[in-house]
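Here's the structure, in structure tokens; my notes come after.
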Amino acid sequence: MKKVAWLPASLRGGLQCAQYSQTTASSNFPRRTVFTLPKKQFSTSSSLQESIAAAPIRFTNNNAKEGEEEEDPVFNARLVPNSASYFTAQPIFTDDLLSLQNLLQRYANLPVLKPGEAPRVAWLSLADYRNIVGETVKAAKYSKIVEILHRLNHIHPSLMPREVKDVLNEYKRDVNPYQNTAKPGLVNTDGHALGAGRRKSSTARAWVVDGTGEVLVNGKTLIEAFGRIHDRESVIWALKATNRVDKYNVWARVSGGGTTGQAEALTLAVGKALLAHEPALKPALRRAGCMTRDPKRVERKKPGHVKARKMPAWVKR
Amino acid sequence: MILRNVAIRHGRKALAGPIQKSLLRTLTTDTLPPQEIAALEHTILNHNKETLSIDAQFNQLPTTRTFVAPVKRSLSRREVRSRFHKRYQIKATTDKLGSEIDPYYQPHQLIIDPPKPEDVTLELLMASQSHLGHSTSLWNPMNQRYIFGVRQGIHIISLETTAAHLRRAAKVVEGVAYHGGLILFVGTRAGQGPCIVKAAELAQGCHLFEKWIPGSITNGDQILAKCGIKAVDMHDKEVEGYEEKIAEWSALKPDLVVCLNPLENYILLHECGLNNIPTIGVVDTDADPTWVTYPIPANDDSLRCIQVIAGVLSRAGESGQKKRLEAAETGKVTWLPPKNLGNPVTEEDRKRAAEQKKAKRMLGMAADGQEHTRGTRGRNGDIDYQSDDL
């Protein structure tokens with residue numbers, strides 16, 4: 001809002017009115033323009049006073065001035081900031097931080113869990129918090145809040161105060177990703193365990209049974225199904241790395257992609273099925289690379305390129 | 001063992017049932033070469049011998065013979081809770097036992113219950129190290145009149161001056177609070193946060209314990225645009241009806257700034273100077289006292305000293321606010337409302353304005369219609385509502 005001091009009694013303005021009185025009377029201009037004052041102000045103090053919260057102190061004059069004051073009774077209201085953190089430019093964030101610090105100070109004596117034993121919680125991300133608060137909070141500043149939340153989360157659950165629980169819930173993400181745990185594979189009544197794996201554009205399913213080391217891929221033996229020795233080895237790599245080639249039979253279906261993709265999709269499938277039989281093998285299988293899905297795919301071709309990255313040859317003219 | 005022998009020994013009975021999983025797994029076709037097996041067995045034998053000999057030596061020691069390894073058992077929830085409560089019960093019963101301790105310095109007490117301006121004594125100032133200045137080589141000669149002398153290469157600030165200036169500053173804070181001004185407490189050094197927040201709480205002002213954003217006063221409309229303000233009446237109750245005014249109102253400016261570390265906040269003090277805002281500052285022997293309006297010569301590097309000064313000023317602000325509210329109870333308003341704020345807009349006012357606008361529009365339409373009949377017949381009846389509103 002433009003706060004132009006309104007000086008109706010200004011001599012300059014009066015003179016101007018007098019000067020242009022004839023033209024204004026005849027023309028159809030809106031009235032407002034006639035009384036517009038020159039923009040330059042002669043006192044700097046009047047513009048300053050307006051933006052300061054409280055008006056200057058009016059010292060009481062004992063002379064008979066009471067009659068004048070009663071002319072326009074103005075409601076007594078003054079403007080104050082909503083929050084004491086007004087001048088930090090991030091009042092909501094600062095208030096949040098202070099209230100959390102208060103809470104921590106109040107409950108600092110409660111027994112805590114050992115580091116790492118507290119339930120894992122995903123706190124609001126920085127972007128979420130910024131959206132909720134509507135202030136541009138820096139990451140380093142938000143990390144202070146997260147630090148306090150982490151400490152509060154370590155209060156022993158048997159003595160966790162209701163108040164702290166409510167505050168922690170406010171800062172929790174709607175979905176807790178740490179509650180998502182992979183389902184363990186199952187061995188059915190016939191002793192079959194099914195595992196599925198993918199690589200590039202191949203998809204594989206493998207049924208692993210107790211046996212003597214026979215492998216059938218799409219009804220063919222390993223030697224018939226894969227020409228390369230490397231591929232044959234990758235199919236049964238999970239069994240080979242754990243020294244169990246001769247203890248299980250594998251029956252697998254695989255589709256899509258080429259030979260390498262199919263073979264490595266089978267690695268994953270066989271590994272997962274083997275895990276259903278012997279869950280204790282997980283670290284060994286992970287080290288052998290039979291648990292991790294390789295997310296690489298064929299990169300798409302781009303316009304202006306010959307392939308995904310290749311540029312057409314440069315020709316002079 | 002060879003499979004054939006199993007069949008011969010146990011006959012039909014052994015083969016009748018289904019073969020167990022574990023049995024199948026032991027049937028390995030892979031075998032290591034005999035030399036490697038021999039080498040492995042040898043190493044295992046060696047290893048066993050060594051460990052046995054070490055064991056024997058240890059077990060002869062008297063302490064290890066009776067040693068029982070501790071079993072780590074995590075406490076149950078109930079146990080944790082009962083132990084916690086028990087600890088507090090014991091503390092409550094035994095806390096008062098023993099010798100009586102004389103009053104002693106408790107750091108948190110300065111923040112929980114800060115001293116009042118009446119409590120300021122030279123002893124308190126001395127105890128809080130407010131007399132310690134900087135090395136004589138760092139001094140600012142402008143501070144000459146605040147300096148008591150030199151001791152061990154540092155300047156000693158005169159405590160009488162400190163006390164006098166502190167009392168004067170307390171009066172200023174009290175007066176500003178009494179006249180409804182907005183007081184801003186600034187202390188941006190590490191560790192000054194808690195006392196600043198407490199001071200702002202007592203004096204009902206604002207606090208700033210992180211970096212001053214340059215331009216918050218001179219360019220407040222941009223920087224503090226998102227920070228909300230409200231209108232309050234003489235009893236500090238929020239008043240409705242100013243929403244439209246507030247939405248257009250420019251950013252607030254403090255009426256008094258208390259700066260506990262002027263050396264780091266030159267920009268803030270400069271902005272205050274540009275806007276005729278009085279400032280109170282703690283001036284050490286290396287600072288320039290002309291940066292602030294009301295200097296308090298004291299040691300700004302001691303947190304304890306800063307806590308005493310902030311506490312005294314906040315108590316002064318508290319009493320000012322209290323007096324203002326007491327005056328308001330008797331119907332006396334100690335401040336003037338800001339210019340152009342006017343009266344609150346009530347629901348009735350809004351209705352009346354809308355009715356007036358409507359009536360005006362109707363009148364305008366009627367006048368326009370009359371003009372139609374008189375002369376401008378060829379014109380289409382375009383009614384310019386905009387001009388009517390003027």
Side-chain angles (χ1 to χ4, degrees), chain A residues 1 3 5-6 30-32 44-46 48-58 73-92 94 98 101 105 109-111 114 117 134-136 141 156-159 191 210-213 243-248 277, chain B residues 21 24-25 27-30 77-78 80-81 83-84 179-182 184 186 197 200-201 204-208 210 212-213 216 220 223-224 226-234 236 239 242 246 248-255 275-277 333 335-344 390:
Chain A
M1 175 177 156
K3 274 189 221 82
W6 185 250
R31 277 185 303 165
R32 277 195 306 182
T44 50
S45 59
S46 66
L48 281 173
Q49 281 163 7
E50 280 165 351
S51 48
I52 296 174
I57 304 156
R58 186 168 50 181
V74 181
F75 184 81
N76 282 314
R78 65 195 177 107
L79 297 174
V80 291
N82 274 337
S83 148
S85 315
Y86 181 76
F87 288 98
T88 57
Q90 298 168 338
I92 302 172
T94 314
L98 287 175
Q101 280 174 349
Q105 206 178 9
N109 289 334
L110 291 178
K114 278 177 199 157
E117 279 184 7
E135 290 168 1
T136 47
K141 288 193 172 179
H156 201 277
S158 63
L159 286 159
D210 284 331
T212 54
N243 226 348
R244 274 160 177 77
V245 177
D246 52 341
K247 288 164 196 157
Y248 291 100
H277 283 283
Chain B
K21 256 194 208 171
L24 268 178
R25 264 183 221 144
L27 300 175
T28 311
T29 48
D30 282 357
R77 286 186 167 208
R78 190 177 289 172
V80 170
R81 200 187 305 151
R83 283 186 184 199
F84 179 75
H179 290 293
L182 184 59
L184 169 63
V186 182
V197 172
E201 187 196 326
Q204 294 173 34
C206 292
H207 54 72
L208 182 79
E210 267 164 9
W212 167 260
I213 300 169
S216 295
I223 289 168
L224 304 178
K226 284 180 183 172
C227 309
I229 53 178
K230 61 183 177 186
V232 292
D233 64 359
M234 56 200 266
D236 281 359
V239 191
Y242 285 110
I246 283 173
E248 293 176 340
W249 205 262
S250 65
L252 296 184
K253 287 171 186 176
D255 298 306
N275 284 280
N276 287 351
I277 296 167
V333 184
W335 41 271
L336 281 177
K339 259 186 194 172
N340 302 334
L341 190 59
N343 288 324
L390 283 173

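Throughout, a chain's letter reflects where its sequence line sits, starting with A, and its residues are numbered from 1.
Nearest heavy-atom pair, A89(A) versus I213(B), reported as atom, atom and distance to 0.1 Å: CB-CD1, 3.4 Å. Nearest heavy atoms, A84(A) versus G205(B): CB-O, 3.6 Å. For A77(A) against P337(B), the heavy-atom pair with the smallest separation is O-CB, 3.3 Å. The minimum heavy-atom distance linking L208(B) with F87(A) is given by the pair CD1-O, 3.6 Å.
In this structure, L184(B) and Y86(A) have side chains that are not in contact, with every pair of non-hydrogen atoms separated by 4.5 Å or more. Proximity of H207(B) to T94(A): side-chain heavy atoms (C-beta onward) are separated by under 4.5 Å at one or more points. Side-chain atoms of D236(B) and R78(A), non-hydrogen and from C-beta on, do get closer than 4.5 Å to each other.
Comparing M234(B), E210(B), K226(B) by heavy-atom pairs within less than 4.5 Å of chain A, the highest count is held by E210(B). Heavy-atom pairs under 4.5 Å with chain A were tallied for V186(B), D233(B), I229(B); the largest tally goes to I229(B). For the set V333(B), I246(B), V197(B), the count of heavy-atom pairs under 4.5 angstrom toward chain A peaks at V333(B). Residue with the most contacts toward chain B among P91(A), S85(A), G134(A): S85(A) (heavy-atom pairs, distance under 4.5 Å).
Here the straight-line distance linking atom CD1 of I223(B) with atom OG1 of T88(A) works out to 12.0 Å at 0.5 Å rounding. Of the inter-residue distances, the one linking R77(B) atom CZ with H156(A) atom NE2 reads 7.0 Å to the nearest 0.5 angstrom. Distance CG/N109(A) to CZ/F84(B): 6.5 Å, rounded to 0.5 Å.
Summarising the local packing, CD of Q105(A) is surrounded by 12 or fewer heavy atoms from other residues, nucleotides or ligands at distances under 6.0 Å.
Of the atoms belonging to I92(A), not a single heavy atom falls under 4.5 Å from chain B. With a threshold of 4.5 angstrom between heavy atoms, V232(B) approaches chain A through its backbone and through its side chain. Contacts between K114(A) and chain B at a heavy-atom distance below 4.5 Å are absent for every atom of the residue. Only the side chain of L341(B) has a heavy atom closer than 4.5 Å to any heavy atom of chain A.
Take N343(B) and apply the side-chain contact (heavy atoms from CB on, under 4.5 Å) test, not counting sequence neighbours, and it matches V74(A), F75(A).
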